[in-house]
Amino acid sequence: RVPLVESGGGSVQTGGSLTLSCAASGNTSRSRTNCMGWFRQAPGKEREGVAALYTGGGDPYYANFVEGRFRISQDNAKDIVYLQMNSLKPEDTAMYYCAAVEVITGSLLAPGVYGYWGQGTQVTVSS
């Protein structure tokens, strides 16, 4: 069974909204992970952190470019992490990935510290 499954991507116009979902299971369920996060990768660019949280609670972390437009949240009962994205811009166009780690050993927004990754969901924002 795939440990992380993303959904909710799509195509929107500038200023639009999307909500991404990441369903965890098995080794990536809330009881086994310390942190979960959303990352993105645009063509020709490195993967970068967007938002992340501790599955046990606490304030989430956001990349500077989010500028209050996105919100990460979790449904503990369903083992789902969401990324609500508002006021989308063309520069937000990328493949968005969900990731999880049993024990975080570095920055929550650093892709290299995460061991589990989903297959990605495409977000395209047109001007």
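- When all heavy atoms are compared, the tightest approach of A94 to A42 is CB-N, 3.8 Å.
- Nearest heavy-atom pair, A110 versus F39, reported as atom, atom and distance to 0.1 Å: C-CE2, 3.9 Å.
- Side chains of V113 and S107 form no contact here, defined as non-hydrogen atoms less than 4.5 Å apart.
- Taken together through direct or relayed side-chain contacts under 4.5 Å among Ile, Leu, Val, Met, Phe, Trp and Tyr, V66 and Y96 form part of one hydrophobic cluster.
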Quiz prompt | Residue pair T93, Q122: steps toward the side chain to side chain contact (heavy atoms under 4.5 Å, CB included) verdict | solution = CA-CA 8 Å; T93 295; Q122 178 68 38; 4.0 Å; yes

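- The two residues W38 and C22 make their nearest non-hydrogen contact at CZ2-CB, 3.5 Å.
- For the residue pair I72 and P60, the shortest heavy atom distance occurs at CG2-CB, 3.4 Å.
- Note that CE of M85 and OG1 of T19 are 7.5 Å apart. Values are rounded to the nearest 0.5 Å.
- Here the closest non-hydrogen pair linking S17 and S87 is OG-N, 4.4 Å.
- For the atom pair S11 OG and L88 CG, the distance stands at 11.0 Å (nearest 0.5 Å).
- Inter-residue side-chain proximity for L109 and Y62 is flagged as unmet; no heavy-atom pair is nearer than 4.5 Å.
- Within the 3.5 Å criterion, the main-chain N or O of N34 finds a donor-acceptor partner in the side chain of T55.
- Side-chain contact between Q41 and Y97 is present, with heavy atoms from C-beta onward closer than 4.5 Å.
- Between E48 and R40 there is a salt bridge, since at least one side-chain N of the basic residue sits less than 4.0 Å from a carboxylate O of the acidic one.
- Note that OH of Y116 and CE of M36 are 11.5 Å apart. Values are rounded to the nearest 0.5 Å.
- With values rounded to the nearest 0.5 angstrom, Q84 atom CD is found 10.5 Å from S21 atom OG.
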Self-check item: Chi angles and distances behind the side chain to side chain contact (heavy atoms under 4.5 Å, CB included) call for D59, Y54
Solution: CA-CA 8 Å; D59 292 334; Y54 286 103; over 6 Å; no

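- E6 places a side-chain N or O within donor-acceptor distance of the main-chain N or O of Q119, the cut-off being under 3.5 Å.
- Each of L53 and Y82 belongs to its own hydrophobic cluster when Ile, Leu, Val, Met, Phe, Trp and Tyr are linked at side-chain heavy-atom distances under 4.5 angstrom.
- Linking Ile, Leu, Val, Met, Phe, Trp and Tyr whenever their side-chain heavy atoms come within less than 4.5 Å puts V12 and F70 in one cluster.
- For R47, the CZ atom is densely surrounded, since the number of other residues' heavy atoms within 6.0 Å is greater than 12.
- For E67, the CD atom sits in a packed shell: over 12 heavy atoms of surrounding residues, nucleotides or ligands are nearer than 6.0 Å.
- No donor-acceptor pair closer than 3.5 Å links the side chain of T33 to the backbone N or O of E102.
- D75 contributes no side-chain N or O that, together with a main-chain N or O of I80, makes up a donor-acceptor pair within less than 3.5 Å.
- The main-chain N or O of L108 is found under 3.5 Å from a side-chain atom of Y114 such that the two form a donor-acceptor pair.
- For Y61, the OH atom sits in a loose shell: 12 or fewer heavy atoms of surrounding residues, nucleotides or ligands are nearer than 6.0 Å.
- A pairwise comparison of heavy atoms in L83 and A51 identifies CD1-CB, 4.0 Å as the closest pair.
- In this structure, Q13 places its CD atom where only 12 or fewer heavy-atom neighbours from other residues, nucleotides or ligands lie under 6.0 Å away.
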